[in-house]
Amino acid sequence: MKAWKLALGDGVSTIFGLLGPLRRHPGCRVLMYHALGAEVPGDRQAQYSMAAERFRQHMHCLEGTQGRQVLGLGDGVKVGSGVVITFDDGYRDTLTVAAPLLADLAFPFTVFVTPGFTRSGDSRYLSAPELRELAKVPGASIGAHGNSHCRLTECDDAHLDRELRESRAWLEDVLGRAVTTMSYPHGAVDGRVRAAAAATGYEFAACSRFGAQASDGDPLLIARTDIWAQDDSARLLAKTAGAWDWMGWRA
Ligand SMILES: [Zn+2]
């Protein structure tokens, strides 16, 4: 995002933040990170690869936030409170940078992996052995993120079914454990895609709609808050408090 847009967003969010006590909805806040250093394809505004040091600051900031506990995805969504940490795409730096820090802080986290990226051999992404290593980290859980990272809303029914089923089957085969969570690549989801995710057996599926996830919200349309490389700790706290929820759907 361009600097002037971020500044404008900060201004709008300050107003929403001030209105917060009047309009705040309770719920779980699911944060969406991507890479921590690796170059993200198509990321023209350099929003999705955060410096490791900034990520460290974010986590220490969450550690110091009173009253918001960091929970695993399923727990947070079920109880409708706390903060949940997620990563999309399966970058190798979730293992090398995020996992040691999160394990130290005893923060659970979920990594949504695209098997097509893993199988590509591109060293930015987790390999299959690294994926197994990541799954052993205390608090780590692995979910699917499509098979090829295409927009599921643009797939015909047969292709959609393959994307949902093959990603899950491949991850279960590599990890030797059940995979029941996913996030929609590009945040692209509609009623048909949601129904297909349910039919494939996913219990939790995250999208890219800014907002808090209430305990009675749809577990297959989990709201998430997009976190950007440019977000300092103040903006992280503003986003966590809901001041950026005016952004709505991102897809
Ligand atoms: Zn993605």
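First listed ligand is number 1; within each ligand, the first listed atom is number 1.
- Using cut-offs of 30° and 60° for the angle between ring planes, the Phe109 and Phe87 rings count as perpendicular.
- Other residues, nucleotides and ligands contribute at most 12 non-hydrogen atoms within 6.0 Å of the CZ atom of Arg92.
- Put simply, Asp89 gets within reach of the Zn ion (ligand 1), with an N, O or S atom under 2.8 Å from it.
- At a threshold of 4.0 Å, the pair Arg56-Glu53 counts as salt-bridged, since one of the basic side-chain nitrogens sits closer than that to a carboxylate oxygen.
- Contact annotation: His34 places no N, O or S atom under 2.8 Å from the Zn ion (ligand 1).
- The distance from the Zn ion (ligand 1) to the nearest N/O/S atom of His149 is under 2.8 Å.
- The existence of a salt bridge linking Arg124 and Asp89 is excluded, since no basic side-chain nitrogen approaches an acidic carboxylate oxygen closer than 4.0 Å.
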